[in-house]
K.L.:
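This is the structure I want to talk about, given as structure tokens.
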There are 2 protein chains.
Amino acid sequence: MEIIALREAPVALGDLERSVMDLLWDQPGAHTANDVRDALAGDLAVTTVLTVLSRLEKKGLVRRDGGRRPHRYAAASSREDHTVGLLNEVLGSVPDREAVLARFIGGIGPDEAAAVRRLLES
Amino acid sequence: MEIIALREAPVALGDLERSVMDLLWDQPGAHTANDVRDALAGDLAVTTVLTVLSRLEKKGLVRRDGGRRPHRYAAASSREDHTVGLLNEVLGSVPDREAVLARFIGGIGPDEAAAVRRLLES
DNA sequence: CCCCAAGTTCTACGTCCTGTAGAATAAAGT
DNA sequence: ACTTTATTCTACAGGACGTAGAACTTGGGG
């Protein structure tokens, strides 16, 4: 069985893209472009929102249901999974993951350290 | 004592910038622009390298010693520290750090988990 | 069956970042 | 001073994003 390295495109988000994703993550479920526009701060054109949603779809962050007419958009994966992907991407760029983890662990607060310890035990 | 939130600019690196930083990290110490150019793959102009070094300096990733004439360049912080900064930047963009850490910890291999556990004990 | 309104896709443009480097300038050695 | 070496200025192409008008599509109401 061959393992195909699925190229995870460098998923860097712009400010507006980020806002849209935050919205989709905070309010799970399917949204229309108009929904999204109304929920966003500022007074954007719907086409702007649609453009951004398309780009996010191309990046694999948003899934679209184009069944009937007001198309519905939703986050393709949870915010947590997406963020973990980013973390691993960052960690994948260094030769010594553990050295980085060492510094990272050394820098977190005691409460968070406790949480991590708990997670490791289970 | 007031704590000033030092604005960590979104330190996203391009490919060449990344290559230069990897070089400075892998070979610590002060390098001239020509050193860097010779060590890089491809056949770049020195001016290109100097431009990149300047941009990296502006981003705070490189420190320059402009004392005598071939200026010397070196990484401003270790690769590990820089990467930890990136990790925290990513984690700072989510409302629930722990939820992300939970998924992250859940996804690491047993060997790495052991390493983290060891780090937490000390 | 045709038109309208709501919705979607195309096309476009300004801006910023990055890779790339020539031209112009400054300094150092002989 | 003159030549060589190094640095700064200026520039431009390409790509990503924010932004949105123009053009096209489609489901209902006449």
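A note on names: the letters A, B, ... follow the listed sequences, proteins ahead of strands, and every chain is numbered from 1.
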K.L.:
What does the list of N/O pairs under 3.5 Å between the protein and nucleotides 28-30 of chain D look like, with a distance for each?
P.N.:
none

K.L.:
If you pin D43(A) and L13(A) to their nearest nucleotides in DNA chain D, which one's is more 5'?
P.N.:
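Taking each residue's closest nucleotide, the earlier one in sequence belongs to L13(A).
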K.L.:
Can you identify which nucleotide, out of dT18(C), dC17(D), dA21(C), has its nearest atom closest to the K59(A) side chain?
P.N.:
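Out of dT18(C), dC17(D), dA21(C), the nucleotide with an atom closest to K59(A)'s side chain is dC17(D).
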K.L.:
Taking atom P of dT18(C) as reference, at what distance in whole Å does atom NZ of K58(B) sit?
P.N.:
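Atom NZ in K58(B) sits about 11 Å away from atom P in dT18(C).
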K.L.:
Without decimals, in angstroms, what is the distance between D15(A) CG and dC17(C) C1'?
P.N.:
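Roughly 14 Å, once rounded to whole Å.
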K.L.:
Taking only residues at least two apart or on different chains, which pairs with a member in residues 90-99 of chain B satisfy salt bridge (charged side-chain N to carboxylate O under 4.0 Å, His left out)?
P.N.:
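As it turns out, the salt bridge (charged side-chain N to carboxylate O under 4.0 Å, His left out) pairs with a partner in residues 90-99 of chain B, which skip direct neighbours, are E112(A)-R97(B).
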K.L.:
Within this structure, what is the CZ-to-P distance between R18(B) and dG19(C), rounded to whole angstrom?
P.N.:
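For the pair R18(B) CZ and dG19(C) P, the rounded distance is 12 Å.
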K.L.:
Taking only residues two or more places apart in sequence, or in another chain, which ones meet R103(B) in a salt bridge (Lys or Arg N to Asp or Glu O under 4.0 Å)?
P.N.:
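Partners of R103(B) under the salt bridge (Lys or Arg N to Asp or Glu O under 4.0 Å) test: D81(A).
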K.L.:
Can you measure L40(B) atom CG to dA21(C) atom C1' for me and round it to whole angstrom units?
P.N.:
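Whole-Å distance recorded here is 15 Å.
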K.L.:
Between R55(B) (CZ) and dT7(D) (C1'), how many Å, whole number?
P.N.:
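The answer, rounded to whole Å, is 15 Å.
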K.L.:
For residues 18-26 of chain A, run the donor-acceptor check on the side chains, cut-off 3.5 Å, and write out each pair with its distance to 0.1 Å, sequence neighbours left out.
P.N.:
| residue | atom | partner | partner atom | Å |
| --- | --- | --- | --- | --- |
| R18(A) | NH2 | S93(B) | O | 3.0 |
| S19(A) | OG | D15(A) | O | 3.0 |
| D22(A) | OD1 | R79(A) | NH1 | 3.0 |
| W25(A) | NE1 | S77(A) | O | 2.8 |
| D26(A) | OD1 | R79(A) | NH2 | 2.4 |

K.L.:
Quick check for you: to the nearest 0.5 Å, what is the distance between T32(B) atom OG1 and R69(B) atom CZ?
P.N.:
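Reported value, rounded in 0.5 Å steps: 13.0 Å.
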K.L.:
With a 4.0 Å limit, can you tell me whether T48(A) has a side-chain N or O closer than that to the phosphate oxygens OP1/OP2 of dG18(D)?
P.N.:
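No, no such contact exists.
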K.L.:
Provide, to the nearest angstrom, the distance between the CZ atom belonging to R37(B) and the C1' atom belonging to dG19(C).
P.N.:
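In whole Å, dG19(C) C1' lies 17 Å from R37(B) CZ.
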K.L.:
Sort out for me which residue in L53(A), V52(A), V62(A) forms a side chain to side chain contact (heavy atoms under 4.5 Å, CB included) with E17(A).
P.N.:
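Of the listed options, the one satisfying the test is V52(A).
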K.L.:
Rounded to the nearest 0.5 Å, what's the gap from OH on Y73(B) to CG on D35(B)? Could you check?
P.N.:
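Going from OH on Y73(B) over to CG on D35(B), the span is 11.5 Å.
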K.L.:
In whole angstrom, give the distance that lies between atom CD of E17(A) and atom P of dC17(D).
P.N.:
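Whole-Å distance recorded here is 5 Å.
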K.L.:
Could you tell me the separation between the CG atom of L53(B) and the P atom of dT18(C), rounded to a whole number of Å?
P.N.:
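Checked: the CG to P distance equals 14 Å.
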K.L.:
Can you name the closest pair of heavy atoms from N88(B) and F104(A) and give their distance?
P.N.:
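Where N88(B) meets F104(A) most closely, the heavy atoms are OD1-CE1, 3.4 Å.
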K.L.:
Which donor-acceptor pairs under 3.5 Å do the side chains of residues 36-50 of chain B make with protein atoms, sequence neighbours left out?
P.N.:
| residue | atom | partner | partner atom | Å |
| --- | --- | --- | --- | --- |
| R37(B) | NH2 | N34(B) | OD1 | 3.1 |

K.L.:
Where do N or O atoms of nucleotides 5-11 of chain C meet protein N or O atoms at under 3.5 Å, pair by pair?
P.N.:
| residue | atom | partner | partner atom | Å |
| --- | --- | --- | --- | --- |
| dG7(C) | OP2 | N34(A) | ND2 | 3.2 |
| dG7(C) | O3' | R69(A) | O | 3.1 |
| dG7(C) | N3 | R69(A) | NH1 | 3.4 |
| dT8(C) | OP1 | R69(A) | O | 2.8 |
| dT8(C) | OP1 | H71(A) | N | 2.3 |
| dT9(C) | OP1 | R64(A) | NH1 | 3.4 |

K.L.:
Identify the two heavy atoms, one from L61(A) and one from H82(A), that lie closest to each other, and give their separation to 0.1 Å.
P.N.:
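Looking at all heavy atoms of both residues, the closest pair is CD2-CD2, 3.5 Å.
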